[in-house]
S.K.: 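This structure is in structure tokens; I'll ask about it shortly.
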Amino acid sequence: MTTQRQLVVVGNGMVGQRLVEAVRQRDPERRWRITVLGEEPRPAYDRVALTSYLTGTTEAELGLVPDGCYDGDSELVLGEAVTRIDRDARVVETSAGRVVPYDALVLATGSRPFVPPVPGADLDGCFVYRTIDDLDAIRDRAGHVASGVVIGGGLLGLEAANALLSLGLSASVVEFAPRLMPAQVDQGGGEVLRRKVEELGLAARLDTATERIAAVDGGLRMSFADGSSLDTGLVVFSAGIRPRDELARAAGLAVGERGGIVVDEACRTSDPSIWAIGECALAGGRVYGLVAPGYEMAEVVADRLLGGDAAFLEADMSTKLKLLGVDVASFGDAHAATADALEVVYADPVGGVYKKLVVTDDASRLLGGVLVGDASAYAALRTMVGQPLTDTPEKLLLAGPSTSDLGDDAQVCSCQNVSAGAIRSAIHDEGCADVASIKACTRAGTVCGSCVPLLKTLLTQSGVEANPALCEHFDVGRAELFDIVRVTGLRTFSEIIARHGRGRGCDICKPAIASILASLGSGHILDGEQAALQDTNDAFLANIQRNGTYSVVPRVPGGELTPEGLIAIGEVARDFGLYSKITGGQRIDLLGARVEQLPAIWKRLVDAGFESGHAYGKALRTVKSCVGSTWCRYGVQDSTSLAIMLELRYRGLRAPHKIKAGVSGCARECAEARSKDVGVIASENGWNLYVGGNGGFRPRHAELFASDLSDAELVRLVDRFLMFYVRTADRLQRTAAWIEALTEEHGDGLAYLHRVLVEDELGVCADLEAAMDRHAGSYTDEWAAVLDDEEKLSRFVSFVNAPEAPDPSIRFVTERGQIRPADGAPVVAGPTLEVVRR
Amino acid sequence: MTVLDVRAWTVVCRFDRLLPERGVAALVGGEQVAIFRTHDGALFALANRDPFSDAYVLSRGIVGSRGAVPTVASPMHKQVFSLVTGECLDEPGVAVPVYEVRVRDGDVEVAVP
Ligand code: SRM
Ligand SMILES: Cc1cc2nc3c(=O)[nH]c(=O)nc-3n(C[C@H](O)[C@H](O)[C@H](O)COP(=O)(O)OP(=O)(O)OC[C@H]3O[C@@H](n4cnc5c(N)ncnc54)[C@H](O)[C@@H]3O)c2cc1C
Ligand code: SF4
Ligand code: FES
């Protein structure tokens, strides 16, 4: 057996982490042992998505290190910087005094933000924008000040300024150049961009050099070269990056004149056992400030370490701004630097659109371009750089390219370097039938997301267009069916399937139509034909259990329960011999009821002032609450009362999937509201509304949708949100998945919802509110209604020919003093004794 | 020669008692039988036991069609059975017993061998 060699990686950033995964993938025999030394206190995270950390994405969600990535043959040491490389002894030393030997050393130290030497740049309140720690510090400061200024109007500067806006500050950008994003767009594009950015509420000062920053009463004063000044609460420097080459420099490795560790095609430095990748490397005379080239370098080094001969030649510098509401993209030779290049420009200053294509002098090949205001063609155009034009430049500019003739070599995802051919093969050979599975299979679309529209196009072209058909009986999806039913006024399944479907339905379309009819307020769910559409839980208004018995979960709005109520529930459980358990939703579950017992149980509950609740049904489940300001010494609002109000308003609302909500009385969040579809958290000034959370198989945190709402404003917004969800989501799609689907369709799902539900872009808000008012106004206790209806009651029997007889197949044993379903053959002796219950 | 009908028919309930496209369970000679009425008034009877979950619940499934075959989906884990043959259409090789069922003078009758 050969001995393992030792690979040491300095830096656990995006690229360093990618290297580890790439080596592991190519080295199943574990020829390399890997030690990663990272200076940041946390494992690698998605720096590209860093800004979303300020709008609710958690550290864990940003995390890039898969479970089990570091095992016996690899280790990750965090919070320790490498301070020295001893090339003769082939060891590195860390800030904690650790000495680690290496056979191969990879520097993946990234870059640091450049802070221009302006006096006062080190004052309290001056920040850079690179790490989670930076953002924590900015957020802290933002809580105490009203405004912020970003120095630098490049891609990152604009992103940072937008982040300040999202923190509730008024924000401006100061740029030295005469236009924004000078590295990417030209003067014409810059002008359109400035207007767009100002529409977002960002002030832009161009042609402005900052001379000095001084501390003034409670803030900072910036003085500019033209003699003017600006007072602000905080300053963020975003004036470019500098490669972190200090270790390499001190170790005597070759570095570039303007920084960067010099590497060759193999990404090897001037010392053959040391490599450099990512933003710290100077490859082909260039430092790449983007993640995609870094990933490529990581793959090259992984290949070389295992005996391959991969080479890093040059990389695409295309960029797209991830700013809310502004489309800006540049790709290829955006500045027409190629000799004799021609520029074809389309500018519509009124409409706020500027597009430019750069082509060869004979207009035969595309070289690059700039898109501002409408970057919809970005993903497709980018793949065509260097290729022969498929149409005249004017047509390409106006209509965008058609992607049908996208060659297999065309790079579709530049972040992960995935070609059209690889995606086609994922579709045909791996059976990927939607964007999510293509992402999982190829990694395309998982970094900046700008190639996702192209992934969809490729899917469609391969004939596996996401088929909206509900099932073999309907060709349309749930949302469309909802509209059909709403608009045509058809209210029976027979009519709907006769006119818009075929056959007699199934366990997919019947409950879906039952839910649509119920959402539209069509009487009791067991009335007339509706009875035949319901899943067994809805048909018996309780949850079926594995032995054919049912559970009853009395509704306990907000989780608030009187002693009398508790006793009453206890008595019901005792008298009917039910198993009882506290649920995860602040209620009490009573299990083991036979069909014929259900009405009698409901009767007792109704008499005690309860109704049974929905633990079944695609409907509102519970609104969880904490004790709030009424009792809690930290509470700032009465969360319990609000939770009760919300539960009573939305109870019974039938939806594409279940809906859960929570209300917490302060930011400590004891009600776990952010794990709910609708989460409400008290602020000093009212309520903050979060949407789209869930637990379950794929937990997601709800994201902030609106802040500081009054009770009335909150209810109206939740009305709109829920009713829009009810109308447009797919079957069995919870709110988080629905918002993700909206993102695929409209760019940013949450921003889209904001436009529809807050700004009323579609003019539907009044209708949504009215529909919810109708729901709340017509709510009836569906369990009590059965008790008043002889015909419905008669269905609650185990046997139609022996209404009194219990089902003999149902057997229980006792465990810890309560019943539970018996498994297999009856137990006749031992610690558990079988009891057949009457 | 006359062939005697030796099957024992048991009256279960009135036909009107059955909702279109729903089932009921009946206890016939110690067997649990699930009886379904489809939209066109036809009747079908299967064993009530769901072979996948071992629970006696098929009568509470959703009645529908697959292609031209009338079906019921188990309420437990949604496997679909043909009402005509008792075969599971999702899991070849699995089937539930089928019983004869008829209407006489408005009464639903089932024959259990
Ligand atoms: C009873 C309870 C477990 C308990 O003993 O605590 C429970 C029991 C069931 N859960 Fe749950 N869930 C219960 C709380 C939860 C929670 C916690 C919560 O609500 O705070 C979660 C995670 C939060 C969430 O939903 O996002 C949860 C995530 C699920 C999921 C996964 C949902 C998802 O989006 O991934 C399912 C499956 C589904 O609905 O498709 C599920 C489905 C079920 C069903 C309905 C499955 C079924 O159809 O038989 C279970 C039957 C309940 C019954 O018979 O009464 N249950 N379930 C809890 C009832 C709470 C209540 O009072 O309503
Ligand atoms: C807000 C923001 C938005 C961005 N948006 C985009 C985008 O849309 N598209 C895009 O392509 N790129 C984007 N980038 C750039 C992208 O994040 C970087 O290109 C990428 O992170 C580079 O990866 P890296 O591993 O080289 O460096 P990093 O991710 O910076 O990782 C380097 C790591 O090494 C550590 N380190 C440094 N020195 C030492 C030492 N001596 N010892 C131990 N550890 C050390 C650092 O602490 C750091 O954790 C963005 C960057 C930011 C900050
Ligand atoms: S969320 Fe706040 S108010 Fe509610 S119980 Fe927790 S600490 Fe108290
Ligand atoms: S191009 Fe960035 S994720 Fe595909």
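Below, read A as the first sequence line, B as the second, and so on, with proteins coming before strands; counting in each chain starts at 1.
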S.K.: Taking the six-membered ring of W9(B) (Phe, Tyr or Trp), confirm whether the NZ or CZ of R104(B) is under 6.0 Å from its centre and within 45° of its axis.
M.R.: no
S.K.: Could you tell me which portion of R49(B) (side chain, backbone, both or neither) has an atom closer than 4.5 angstrom to a non-hydrogen atom of chain A?
M.R.: neither
S.K.: Side chain from CB out, backbone as N, CA, C, O: work out which of these in E529(A) comes under 4.5 Å of a heavy atom of chain B, or both, or neither.
M.R.: neither
S.K.: N48(B) side chain to Y56(B) main-chain N or O, any donor-acceptor pair under 3.5 Å?
M.R.: yes
S.K.: Taking all non-hydrogen atoms of both residues, which atom of P511(A) and which atom of C506(A) are closest, and how far apart?
M.R.: CD-O, 3.8 Å
S.K.: Less than 4.5 Å apart, side chain to side chain, heavy atoms only: is that true for D50(B) and F81(B)?
M.R.: yes
S.K.: At a 4.5 Å cut-off on heavy atoms, which part of N547(A) comes close to chain B: side chain, backbone, both, or neither?
M.R.: backbone
S.K.: What residue, out of S809(A), A805(A), G503(A), has the most heavy-atom pairs lying under 4.5 Å from chain B?
M.R.: S809(A)
S.K.: Out of A539(A), S794(A), S798(A), S494(A), which one racks up the most heavy-atom pairs below 4.5 Å with chain B?
M.R.: S794(A)
S.K.: Taking every heavy-atom pair that is under 4.5 Å apart, which of G64(B), A73(B), S53(B) has the most such pairs with chain A?
M.R.: G64(B)
S.K.: Heavy atoms only: give me the nearest F493(A)-G505(A) pair and the separation to one decimal.
M.R.: CZ-CA, 3.8 Å
S.K.: Tell me, for L533(A) versus chain B, whether the close heavy atoms (under 4.5 Å) come from the side chain, the backbone, both or neither.
M.R.: backbone
S.K.: Under 4.5 Å from any heavy atom of chain A, what part of L19(B) do you find: side chain, backbone, both or neither?
M.R.: side chain
S.K.: A quick test of your reading: do over 12 heavy atoms of other residues, nucleotides or ligands sit less than 6.0 Å from CG of D788(A)?
M.R.: yes
S.K.: Are D107(B) and R17(B) close enough for a salt bridge, meaning some N to O gap below 4.0 Å?
M.R.: no
S.K.: Only pairs of heavy atoms separated by less than 4.5 Å count here; which of T71(B), V12(B), V11(B), V57(B) has the most with chain A?
M.R.: V12(B)
S.K.: Measuring centre to centre across the rings, with the benzene-like ring taken for any Trp, is H524(A) within less than 6.0 Å of W783(A)?
M.R.: no
S.K.: Counting heavy-atom pairs under 4.5 Å to chain B, which of P821(A), A802(A), A531(A), C509(A) comes out on top?
M.R.: A531(A)
S.K.: Can you say whether V80(B) sits under 4.5 Å from chain A via the side chain, the backbone, both, or neither, judging by heavy atoms?
M.R.: side chain
S.K.: For R795(A), is it the side chain, the backbone, both or neither that has a heavy atom under 4.5 Å from a heavy atom of chain B?
M.R.: both
